[in-house]
Structures are given as structure tokens and as C-alpha cells.
Amino acid sequence: MAKQEKTPQDRSIDQATIQTLEIAAANNVLTCFDRADNQEPGCKFGTQGLCCKNCAMGPCRIIVGKEGKDRGVCGATADTISARNFIRMVAGGASAHSDHGRNVAETLLKVATSDKSDYAIKDEQKAIKVAMDLGVEVGDRDIKDICKDIAEVALAQFGQQQGELLYCQKAPLKRQEIWRNLGVMPRGIDRETVEIMHRTHMGVDHDPEHLLLQGARAALADGWGGSMIGTELQDILFGTPEPLTSTCNLGIMKEETVNISVHGHEPLLSEMLVAASLDPEVLEYVKSKGATGVQLGGICCTANEILMRHGVPIMGNFLQQELALVTNACDAMIVDVQCIFPSLPSVAACFHGSIFTTAHIAKMPEAEHIEFNTDNALETAKTLIKRAADNYPKRPKGKINIPQVTEEFVAGFSHETINYMLGGSFRASYRPLNDNIINGKIRGVAGVVGCNNPKVQHDSCHVEVIKELIKNDVLVLTTGCGAIAAAKAGLLKPEAAAQYAGAGLAEVCETVGIPPVIHMGSCVDNSRILIAATAMVKEGGLGDDISDLPAAGSAPEWMSEKAISIGQYFVSSGVYTVFGVTFPTLGAEGTTKELFEHMEEQYGGMWDFEVDPIKHAQKMIAHIDKKRKALGIDKARERVLADMDTRREIS
């Protein structure tokens, strides 16, 4: 039977994506969607976690239950191999986030020790708060001296060999004891990743449960270490996000402006591009090329970073990166690290625009490399924008295809912002959130995060999961490409509560003035969700640990190793976490049982897997209801006004 070709409508629910896919097809240009189809049928051994290539005796492919083929050459079982593969994914994801955090710490140190930096300390109050968290003396010291010590303490966390990571002390006390008792309290960020690579080398650790314990420790070093450092120190340097409005999708590009896509994850470069785009000298150069100005637009988590602090519009999420070039209106795509397709130069060659790599660790054949470092940050940013402006007159006449598709939304919700919005300047508190969970107006809280994956219809799983959750009065926190999917679907607007949310959640959102889906930043900012969950515990009334909360996590369209690390640090922190699309251990029953069952006994949180988005959301709701019942808040309570006799009895 002939393979049925997928239509653009099969590939995405997003209208801008559908339109540009049609243009790509008409020009015989392959995109990630086509390449995903061309990979089918996928390797079942790899998909199920049953392939090992950690030594040259293999690769070994395990067939469970078939004698003689149910072990690798060395004798490793399916469970050992899948556990090794799984925690190597954790190591890769934790390394990506933590290297990001290290770069931010190094930049803060340069700013604090130099009088000529292009960066500045934007949020002194956040710096003082972070100093107190990290044990740095404040007193009446100069803010630069305080930030110098913050940066040095933060950098020491990466190479620390013994003890405990400082930010782990922010977790609830009961959670810290669980980590200590299991032996997974992280010692140093780099150490835990190196130990994973050692343990998974041929001939070292063969016990699946023992391997997964080290995976948990490395993931915690990401969530409560490298990622948290990155988020907190970025707030010091660039400002703590506050609510703002913006627009999203490919339609943000304009025919009369130089359109620049800023793609990647680390905001060190993108912050300077924002500054350079406003520079009078740069704007004069741009106008000399016939354009009226510069339109920056973010893709992936760089989009979320410059959105949260500057309101820069979002051009698209992960699977839209090639399609930005298909419009013939993107004059340059400037990239740094993570989630960047090496196909971009070949797509640009068929349409319009230049690809510029900028990170010293990330080059790409056929792309031009203009190295960025913090010593010449603003000058490099100016150069890049001028190079984009040089392309503006070269656009193919009559072939500009910008989809007229945009959506307005609200973003910029940090932990501090939520605290303020719920309680105000003088009584900032999570009390109103906890009270509305206790009284049942809000059923619970869910984090829906993660990537896109061409194995499923683009954006559809994110949107369907979120709609099902908010319909059932679950407040959703979102980050990363999932947040962008929600924005494009109109779910990040306050008026979305009346349209999509249940009556209880809608009432709370209308009262506070927030959307039913709260945009909390980039994928490194999932650490903000950990802090928010901890604040709910400390506020009282919902148990004494994160695992007691009526809360759940989700990554409906995940694809990267970072998602596995994020999922594991949420599970290790006590959160029930559901993944969609696929799961990397399903071929190994023992390892999967460890993740999906035994971890709940160990951590109070566990993994789960569900492809169907409605069933996916219903699993989360069932878990939330289970936690509500355990807390004794599962039944509606009648409001009783106390008379004077009753009050005397109470007193």
C-alpha cells in the first residue's frame, strides 16, 4: 500500500505554519516535517531504549524474551541498557542548561569587576535577595562588590566536589530530607554529570535502580543548580520580568523593516541585539538601505527571554525556524546554542537571508560565523544588524510571503510577579492561590512545558492538553516552546479565562486580572516553577512538601535531552510528570517500572506516558484529585457565618 502524503494541515494547527509549508512544498524545499516522514519507520530498538553503542563490541540491539539476543555482548540486559541511555539523556540536558547558567555567572563577574562593560546590573533588589540565598554579605556594601561575590559563589557551585548545592536549601525541608536519605542530594553541578558518564562507560554500573539514582542527582543539579543560577542571575543582569503585552507568529515581520530572527537560548547576545536595534547609528545605516527600521523576532527560548524583559515579539517556536526563512522576508537569522537546525543554511540558500552563528562552541557548515563574546558585545550586535540590513535590498521582488497571522498575549510572570499580583505591595503572598485551591475554585496547578516534535501535529498536543486542564479549573504554568504554542492559540490573554476556563478558575482569573495560562519564561526558567511550588508549600494549608500539592507536570511534544532532565528534576522534586510523543525506556519493563512506579515510593513523584492529549490531561487531573482527597479538600464546603455564641466558644 502506497504511503499517504501528509498535508500541511496534517502537520500543524498553526495557520502561519500551514501557509509557509505550502510555499516550501511548491518550491520543492524539504523541511523538518518532510525529513521526519522520510525517517519512517523509525528504529524500534532506538525508540524503545534497547540499543547500546557505548563500546565498539556493538552496537548491540536487544530483543527482549529471545534467548541469545536478550543481552548485549558484555551481558548487559535491556533494563541496564535503557537505564544507561536514559541517564545519559539527563546528562546531556543538564549540561546544556548548566553551561547556560555558567555563562551568565561569568558575565555577572565581568560586569561586577569592570567599569567598561556593555552590560549593567539592572535589578539591585534581586541581587540583594540572591546574595542572602547564597550566604553573601550585604550590609552597606557597594552593589558591584555584592554581585562579584554572588558570581564567585555561583561559579564555585559548578566545580564543587563535596557538600550540597546552596540552592537546594530553598526546597521544603521535608524534600531535602528525602534527597539526603536517598543519597541524591547534588554535590556539584559538573561532578554529577561527569559521574553519569563514568557510570555508563562500558563495564561500570549495571544496576538500573542505582543508575537512575545518579540520574536523579544530576537532574536536581540542573533544576536546583545550573538552571536556577541561570534564571536568578539573568534577573540581576537584565531585570526581573514583569507582565507585558506582545504579539507572536510569523506575521510580526514587516515588508518595510529589516527583519531579524534571534534564535537559540542564551540571552547574553539577544540583550545586546535589542540595545543595538535602538542605536541611532544603526538605525541610520538601516534607513540608508531603504528600510524604515529593525524588527527583531525571537524563536525558541531566546524568544521567551527577550519577550519577558522587553516585549520583543515572538516569530515562532522550534518547528517554525526554517519557515521564517521561507517567507523571503527574514533578512538574517542570528543563532547561538541549542535547538538550532543545521538545515538552516540550505533553506536560506533557496529563499532569502543569511545565517550567522555566534557561539564559540557552536558552528555550522555553510553559515557565517561572527564570534560573540561579552567583551565586545554591543559592537558585535551592531555589526550583525548591519549585515542583516545589507540583505534588505536583496529580497526577491514580488516573492515576499509573510503570513498575515499574529496573536496578542500577556507574558512576564516571574515568581516575584505572581507573589505581588496575588497579595499586593505590602502583603505579597501565595495565600490567595492556596485559599482558592482549598475552597475548590482552582482544582490544582499544572506545569505544561517543553518542545515541539514533528512526530505529532505541531502545537496540537500542547493546546489540547492546556484547554482540557483549564476547562477543569486547573491553573496552567507554561514555559519554552509550549508557552509559544499557547500564545499563538490565544490562551495567554485574560479574556481566555471566560472563553476556555471552568467557572471557578475563570472567576479567580477575572478577579486577579491574569490569564488562565501563565507564561513563566524559557526552558531554563522551569526553576521558577520549582520556586512557585515551594512558595505554595511554605504558605501552608496544602501539605508540607511539593509532593503533597495538587499539582502535575507535562511535556506533551518533547524532543530534547533537556526535556528529560527537566522531567527528572520535577519527578525528583515530588511532581507527577506526564510525557507525550514517545518515551525512551518503553522496551525495558524493569526500568520503566522504576520510573513509573518505584519513583513514587522514593520521591512522591513519578513519570507517566500518554500520547493522546485528552487522556494525557485527564491523567494529570486524576492525580490532582488524588492529592486533593489526601489533603481533605476534595469536598465542597458550605460557608457558615458564625454567630456571637459560636465566636465566644472559639475564643
Side-chain angles (χ1 to χ4, degrees), residues 97 100-101 104 107-108 119-130 133 170 223 227-248 262 264-275 296-314 317 408-425 428 430 433 447-449 475-484 486-487 491-494 512-535:
H97 283 152
H100 176 159
V104 177
T107 302
L108 180 61
Y119 300 94
I121 296 163
K122 294 280 183 69
D123 192 336
E124 294 187 6
Q125 288 302 312
K126 184 63 177 271
I128 291 169
K129 178 179 177 296
V130 170
D133 287 338
K170 291 172 73 73
S227 284
M228 200 168 285
I229 286 170
T231 292
E232 298 280 86
L233 271 55
Q234 283 172 184
D235 286 352
I236 294 172
L237 281 169
F238 310 134
T240 301
E242 296 178 352
L244 47 74
T245 59
S246 191
T247 54
C248 63
V262 187
H265 283 75
E266 295 182 358
L268 300 174
L269 168 62
S270 55
E271 283 285 323
M272 284 298 109
L273 287 168
V274 173
L296 294 180
I299 288 182
C300 274
C301 280
T302 288
N304 291 313
E305 296 284 6
I306 54 178
L307 159 73
M308 295 270 282
R309 296 183 175 91
H310 303 286
V312 173
I314 290 177
N317 51 12
E408 292 186 348
F409 64 99
V410 179
F413 292 93
S414 61
H415 154 65
E416 290 85 353
T417 298
I418 295 172
N419 207 26
Y420 166 75
M421 290 192 74
L422 290 171
S425 296
Y430 274 66
L433 175 60
V448 182
V449 306
L475 178 68
V476 171
L477 311 179
T478 185
T479 63
C481 287
I484 298 172
L491 298 172
L492 300 190
K493 299 186 290 190
V512 179
I514 58 173
V517 184
I518 305 297
H519 184 305
M520 295 194 75
S522 66
C523 56
V524 78
D525 290 331
N526 281 303
S527 56
R528 295 193 198 276
I529 300 179
L530 293 176
I531 296 302
T534 300

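Judged as a salt bridge (Lys or Arg N to Asp or Glu O under 4.0 Å), the pairs with a partner in residues 410-422 (not counting sequence neighbours) are, in order, K126-E416.
A pairwise comparison of heavy atoms in C300 and H265 identifies CB-CE1, 4.2 Å as the closest pair. The shortest heavy-atom contact between K493 and P516 is O-CD, 3.8 Å. In terms of heavy-atom proximity, S527 sits nearest to S227 at OG-O, 3.7 Å. The nearest pair of heavy atoms linking S270 to V262 is CB-CG1, 3.7 Å. Here the shortest heavy-atom pairing between I314 and A303 reads CG1-CB, 3.9 Å. Here the closest non-hydrogen pair linking C481 and N317 is O-ND2, 3.3 Å.
In this structure A535 satisfies the side chain to side chain contact (heavy atoms under 4.5 Å, CB included) test together with H415, Y430, sequence neighbours excluded. In this structure K170 satisfies the side chain to side chain contact (heavy atoms under 4.5 Å, CB included) test together with K129, D133, Y167, W224, M228, I531, sequence neighbours excluded. For D525, the salt bridge (charged side-chain N to carboxylate O under 4.0 Å, His left out) test picks out R528, with sequence neighbours left out. A search for salt bridge (charged side-chain N to carboxylate O under 4.0 Å, His left out) contacts involving E266 returns nothing, not counting sequence neighbours.
Between R309 and V274 there is no side-chain heavy-atom pair separated by less than 4.5 Å. Using a 4.5 Å cut-off on side-chain heavy atoms (C-beta onward), F409 and P515 make no contact. Using a 4.5 Å heavy-atom cutoff, the side chains of I418 and M520 are in contact. Within the 4.5 Å cutoff, no side-chain heavy atoms of V410 are placed close to those of L492. Between T231 and V104, the closest side-chain pair of non-hydrogen atoms is not below 4.5 Å. Put simply, the side chain of E408 does not reach to within 4.5 Å of the side chain of P313, judged on heavy atoms. Side-chain contact between C523 and H97 is present, with heavy atoms from C-beta onward closer than 4.5 Å. At a threshold of 4.5 Å between non-hydrogen side-chain atoms, the residues N526 and T479 count as touching.
Taking CG of L233 as the start and NE2 of H100 as the end, the distance is 10.0 Å to the nearest 0.5 Å. Of the inter-residue distances, the one linking T302 atom OG1 with L296 atom CG reads 11.5 Å to the nearest 0.5 angstrom. Rounding to the nearest 0.5 Å gives a distance of 9.5 Å between CD1 of I484 and OG1 of T478.
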Return a table of donor-acceptor pairs under 3.5 angstrom between the side chains of residues 236-247 and protein atoms on other chains or two or more places apart.
residue : atom : partner : partner atom : Å
T240    : OG1  : D123    : OD2          : 2.7
S246    : OG   : G311    : O            : 2.9

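Counting only N and O atoms by type, the side chains of E271 and H310 include a donor and acceptor under 3.5 Å apart.
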Kindly indicate, with the supporting measurements, whether the criterion side-chain contact (heavy atoms from CB on, under 4.5 Å) is fulfilled by L433 and L475. CA-CA 10 Å; L433 175 60; L475 178 68; 4.0 Å; yes

When you look at L307 and H519, which way does the side-chain contact (heavy atoms from CB on, under 4.5 Å) test go after all the steps? CA-CA 10 Å; L307 159 73; H519 184 305; 3.6 Å; yes

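A donor-acceptor pair under 3.5 Å is absent between the side-chain atoms of S522 and the main chain of G480, judged by distance alone.
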